[in-house]
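Input: a single structure, listed below in structure tokens.
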Amino acid sequence: AELSKELHTSKRSLYEMFHENFNCTVNEYINYVRIQNASTLLKTTDLSIEEISSKTGFSKASYFTRVFKDIMKII
């Protein structure tokens with residue numbers, strides 16, 4: 001909402017422009033960035049899945065795991 005206000009456009013228009021340019025939704029992009037950060041933490045720390053999911057903005061480790069598998073293409 002703040003970004004659309006700064007750019008003098010509606011939230012819907014902003015989301016549509018984002019999708020046209022990045023071929024994904026804003027939420028999909030945010031989750032992608034979160035998972036990339038989580039992947040780095042998994043490789044470079046001894047933090048638990050619960051800690052990493054929390055640090056990367058996921059409220060539940062189970063949701064984090066599902067999104068991680070989807071984005072990283074893990075069965």
Side-chain angles (χ1 to χ4, degrees):
E2 290 180 34
L3 186 56
S4 61
K5 186 177 178 181
E6 287 289 322
L7 297 173
H8 306 287
T9 188
S10 70
K11 186 177 175 182
R12 180 181 175 148
S13 293
L14 181 61
Y15 276 45
E16 286 174 357
M17 286 186 284
F18 189 93
H19 192 272
E20 287 173 13
N21 287 288
F22 294 100
N23 200 31
C24 65
T25 67
V26 172
N27 289 338
E28 288 170 339
Y29 182 78
I30 290 169
N31 280 341
Y32 175 79
V33 170
R34 287 177 173 169
I35 293 302
Q36 294 304 310
N37 290 335
S39 180
T40 299
L41 290 172
L42 285 166
K43 293 174 188 173
T44 62
T45 71
D46 291 329
L47 296 173
S48 69
I49 298 294
E50 289 80 13
E51 291 170 311
I52 291 173
S53 67
S54 178
K55 286 186 176 291
T56 54
F58 291 91
S59 58
K60 295 185 178 189
S62 59
Y63 179 62
F64 163 78
T65 302
R66 189 174 19 173
V67 173
F68 187 93
K69 287 178 179 179
D70 183 50
I71 289 176
M72 301 303 278
K73 307 294 185 221
I74 298 171
I75 297 174

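- Remark: I71 CD1 to E28 CD distance equals 8.5 Å, nearest 0.5 Å.
- Residue F64 holds its CZ atom at 11.0 Å from NZ of K69, rounded to the nearest 0.5 Å.
- When side chains are defined from C-beta on, R34 does not count as touching V67, because their heavy atoms never get closer than 4.5 Å.
- Separation of atoms NZ (K5) and CG (L7) is listed at 12.5 Å; rounding is to 0.5 Å.
- Heavy-atom neighbours of D46 CG from other residues, nucleotides or ligands within 6.0 Å: at or below the threshold of 12.
- Between the side chain of S54 and the backbone N or O of E51 there is no donor-acceptor pair closer than 3.5 Å.
- Under the 3.5 Å distance criterion, the side-chain polar atoms of T65 are matched with a main-chain donor or acceptor of A61.
- Between F22 and Y29, the two ring planes are tilted [angle within 30° to 60°].
- A distance of 7.0 Å separates OG in S10 from CD in E16, rounded to the nearest 0.5 Å.
- Looking at every heavy atom in both residues, F18 comes nearest to T25 through CE2-O, 3.7 Å.
- Between F68 and I49, the closest side-chain pair of non-hydrogen atoms is not below 4.5 Å.
- Contact annotation: the side chain of I52 never approaches that of F58 to less than 4.5 Å [non-hydrogen atoms, C-beta and beyond].
- With rounding to the nearest 0.5 Å, the separation of CD1 in I35 from CG in L41 is 10.5 Å.
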